[in-house]
Trainee: 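Right, I'll just put the structure down here and ask away after.
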Amino acid sequence: MAHLSTRRSVMGGLSALLTLSLLSWPDLARAQSVTGSYRAEGRNPDGSAYSGRVQISGTAEALVVEWQVANQRYTGKGSRNGDVIWIDWGQKYPVVYLRMPSGELHGTWANGRGLERLIP
């Protein structure tokens with residue numbers, strides 16, 4: 001009988017720890033900043049490749065993204081919700097990035113027809 005009581009106590013403790021871990025998971029994702037400089041590698045909707053540099057600044061609620069691709073500059077503003085980043089860059093469709101565990105940002109633009117990877 002004491003064995004069952006100990007098992008319940010251990011299971012209750014594990015359950016509480018798991019619940020706390022899951023509740024703090026979004027905070028961990030938010031704590032990992034996406035601001036900084038990146039190398040960009042992408043594919044245009046026509047299939048041609050491009051590369052460049054990207055600078056991300058601001059806060060999760062007000063991000064500013066500046067792209068330098070060849071001799072073209074683009075600027076966008078957006079926000080972050082967990083690991084998803086939405087950037088309005090003045091086109092019909094936003095750039096949408098997903099933050100990967102490696103710190104890279106993998107994104108799409110032109111309604112998914114363009115692809116981009118940002119490497120810290």
Side-chain angles (χ1 to χ4, degrees):
M1 194 71 159
H3 212 37
L4 182 59
S5 169
T6 302
R7 183 179 284 171
R8 282 186 184 157
S9 178
V10 168
M11 293 304 287
L14 288 175
S15 177
L17 182 60
L18 178 60
T19 300
L20 285 174
S21 296
L22 291 175
L23 289 175
S24 65
W25 185 263
D27 293 334
L28 292 174
R30 268 186 289 242
Q32 297 171 348
S33 176
V34 295
T35 60
S37 297
Y38 295 84
R39 179 171 46 97
E41 297 176 350
R43 187 149 312 275
N44 291 305
D46 67 5
S48 62
Y50 67 88
S51 63
R53 299 293 304 167
V54 175
Q55 181 68 39
I56 301 177
S57 59
T59 66
E61 295 80 25
L63 290 171
V64 176
V65 179
E66 297 173 281
W67 293 267
Q68 177 73 46
V69 178
N71 60 354
Q72 299 289 319
R73 290 185 62 83
Y74 306 94
T75 301
K77 295 181 180 181
S79 62
R80 176 181 180 186
N81 185 0
D83 285 335
V84 180
I85 300 157
W86 294 81
I87 304 297
D88 177 358
W89 62 302
Q91 300 296 312
K92 183 175 180 179
Y93 300 104
V95 179
V96 180
Y97 293 109
L98 178 62
R99 185 186 181 286
M100 306 307 290
S102 66
E104 289 186 357
L105 302 179
H106 292 191
T108 66
W109 55 279
N111 201 26
R113 295 185 330 269
L115 301 174
E116 186 169 82
R117 178 171 71 149
L118 302 183
I119 305 154

Trainee: Taking C-beta and beyond as the side chain, do E116 and Y97 meet within less than 4.5 Å on heavy atoms?
Mentor: yes

Trainee: Tell me the closest heavy-atom pair linking G58 and T35, and the distance in Å.
Mentor: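 Nearest pair, atom of G58 first, then T35: O-CG2, 3.4 Å.
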
Trainee: Look only at the side chain of D46 and the backbone of S48, and say whether a donor-acceptor pair between them is shorter than 3.5 Å.
Mentor: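 Here the side-chain-to-backbone pair exists.
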
Trainee: Closest heavy-atom contact between L118 and A40?
Mentor: CD2-CB, 3.6 Å

Trainee: Between Q32 and V34, is there a donor-acceptor pair closer than 3.5 Å when you use the side chain of the first and the backbone of the second?
Mentor: no

Trainee: List for me each residue that meets side chain to side chain donor-acceptor pair (under 3.5 Å) alongside Q55, sequence neighbours excluded, and say none if there are none.
Mentor: S37

Trainee: S57: what forms a side chain to side chain donor-acceptor pair (under 3.5 Å) with it, not counting sequence neighbours?
Mentor: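 Checked S57 against side chain to side chain donor-acceptor pair (under 3.5 Å); zero matches.
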
Trainee: Would V69 end up clustered with V65 when hydrophobic side chains under 4.5 Å apart are linked, directly or stepwise?
Mentor: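 Yes, because V69 and V65 connect within a single hydrophobic cluster, where side-chain heavy atoms sit under 4.5 Å apart.
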
Trainee: Drop me the distance from I119's CD1 to R39's CZ, to the nearest 0.5 angstrom.
Mentor: 3.5 Å

Trainee: Please tabulate, for the side chains in residues 86-94, all donor-acceptor contacts under 3.5 angstrom to protein atoms that are two or more places apart in sequence or on a different chain.
Mentor:
| unit_1 | atom_1 | unit_2 | atom_2 | d |
| --- | --- | --- | --- | --- |
| D88 | OD1 | G90 | N | 2.9 |
| W89 | NE1 | Y93 | O | 3.1 |

Trainee: Test: salt bridge (Lys or Arg N to Asp or Glu O under 4.0 Å). Region: residues 50-70. Which pairs qualify, not counting sequence neighbours?
Mentor: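 Applying salt bridge (Lys or Arg N to Asp or Glu O under 4.0 Å) to every pair that reaches into residues 50-70, excluding sequence neighbours, yields E66-R73.
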
Trainee: Regarding R80 and D83, does a basic nitrogen lie under 4.0 Å from an acidic carboxylate oxygen?
Mentor: yes

Trainee: Which donor-acceptor pairs under 3.5 Å do the side chains of residues 106-113 make with protein atoms, sequence neighbours left out?
Mentor:
| unit_1 | atom_1 | unit_2 | atom_2 | d |
| --- | --- | --- | --- | --- |
| H106 | NE2 | E104 | OE1 | 2.8 |
| W109 | NE1 | Y50 | OH | 3.2 |
| R113 | NH1 | A110 | O | 3.1 |

Trainee: Excluding sequence neighbours, so at least two apart, what forms side chain to side chain donor-acceptor pair (under 3.5 Å) with N71?
Mentor: none

Trainee: Say whether Y74 and Y38 are linked into one hydrophobic cluster, either directly or through other cluster members, by side-chain heavy-atom distances under 4.5 angstrom.
Mentor: yes

Trainee: Is there a side chain to side chain contact (heavy atoms under 4.5 Å, CB included) between L98 and L105? Walk through the geometry before answering.
Mentor: CA-CA 6 Å; L98 178 62; L105 302 179; over 6 Å; no

